[in-house]
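Below is one structure; the comments refer to it alone.
Everything quoted here is computed from the prediction, not taken from an experiment. Order of appearance sets the numbers: ligands from 1, and atoms from 1 within every ligand.
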Amino acid sequence: MGKTIGVLALQGDFIEHEAMLQQVGANTKQIRLPADLEGLDGLIIPGGESTTIGKIATEYGLIEPLREFAATKPTWGTCAGMIFLAKELGQHAQPILGLMDIRVNRNAFGRQIDSFETDLSVRGFEETPYHAVFIRAPLVEQVLSDDVAILAQLDDGRIVAAQQDHLLATAFHPELTDDLRLHRYFYDMVSAHSNQEKNDEQG
Ligand code: GLN
């Protein structure tokens, strides 16, 4: 049976993520309120503006429910969503979930090249470069534990995609291309996790 993946729909490009998820076979659901998280197998936190997403999430009482969900269920943050997942930010405080052992630097590329596209080699998909769209993107400045696997780096070594168990983070926007590989990868993570949970229950 298809798994259901929620997309946090407070602000940003959640529609594009939904369309990609449906193409890889997922049922999708837009998440705006704590009750919407019920029954989800996984969650995407999209790009947008992390301070705005954090502010609305706080107003809607979503911070703690999201933190609880993402503490155990597959969750993927893209761009602003990656900022939202991070344990530490280089800058001043803003509401974040603080779950993934990465230190993230917002708007890390400065003004001149704050948006650009480049071909990346992504771990697991090395056979064809991954065309990545960066929009006022953050960077993973530092990995804070050995549990974090680096999935992609720019030519100069700066980290732009990482995974820690059930948590996935990309600084770029896979939902703005027609390359389905990362959405398929996340869907596989969600399926494996949900099947594992069922096995554990049947124990
Ligand atoms: N610059 C945004 C932030 O700091 C992220 C940009 C994006 O998600 N495309 O939240």
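Nearest to atom 2 (C) of ligand 1 by heavy atom, out of Ala108, Gly48, Pro138, is Gly48. In this structure, of Cys79, Pro46, Gly77, the residue bringing a heavy atom nearest to atom 7 (C) of ligand 1 is Cys79.
Looking at ligand 1, you won't find any N or O of Thr78 less than 3.5 Å from one of its N or O atoms. At least one N or O atom of Ala80, backbone or side chain, sits closer than 3.5 Å to an N or O atom of ligand 1. Polar contact check, Gly47 against ligand 1: no nitrogen or oxygen pair lies under 3.5 Å apart. Polar contact check, Arg136 against ligand 1: a nitrogen or oxygen pair lies under 3.5 Å apart.
Looking from atom 4 (O) of ligand 1 to the surrounding protein, the closest heavy atom is Arg106 NE, 2.6 Å. Of the protein's non-hydrogen atoms, the one nearest atom 9 (N) of ligand 1 is His173 NE2, 2.8 Å.
For Glu49, heavy-atom contacts with ligand 1 shorter than 4.0 Å involve the backbone as well as the side chain. Contacts between Ile53 and ligand 1 below 4.0 angstrom, taking non-hydrogen atoms only, are absent altogether.
In this structure, Arg184 and Gln23 have side chains that are not in contact, with every pair of non-hydrogen atoms separated by 4.5 Å or more.
Atom CG of Asp155 is surrounded by 12 or fewer heavy atoms from other residues, nucleotides or ligands within 6.0 Å. Open room surrounds NZ on Lys55; 12 or fewer heavy atoms of other groups in view lie less than 6.0 Å from it.
Listed by number with element, the atoms of ligand 1 under 4.0 Å from a non-hydrogen atom of Ser50 are 3 (C), 4 (O), 10 (O). Of all the atoms in ligand 1, the ones that sit under 4.0 Å from a non-hydrogen atom of Asn107 are 1 (N), 2 (C), 4 (O). When each atom of ligand 1 is checked for a heavy atom of Ile83 under 4.0 Å away, the hits are 3 (C), 4 (O), 10 (O).
Note: Phe109 and Phe134 have perpendicular aromatic rings, judged against thresholds of 30 and 60 degrees for the angle between ring planes. Under the 30°/60° scheme for interplanar angles, the aromatic rings of Phe125 and Tyr185 are found to stand perpendicular.
For the residue pair Gln22 and Thr28, a side-chain donor N or O sits within less than 3.5 Å of a side-chain acceptor on the partner.
In terms of hydrophobic clustering, with Ile, Leu, Val, Met, Phe, Trp and Tyr side chains grouped at heavy-atom distances under 4.5 Å, Ile96 and Ile44 are assigned to different clusters.
Checked for salt-bridge contact, Arg67 and Glu64 meet the test: a charged N lies under 4.0 Å from a carboxylate O.
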### Message
Assess the residue pair Val140 and Val148 against the criterion (side chain to side chain contact (heavy atoms under 4.5 Å, CB included)); give the C-alpha distance rounded to whole Å, side-chain angles, the decisive distance to 0.1 Å, and a yes or no.
### Response
CA-CA 11 Å; Val140 178; Val148 178; over 6 Å; no
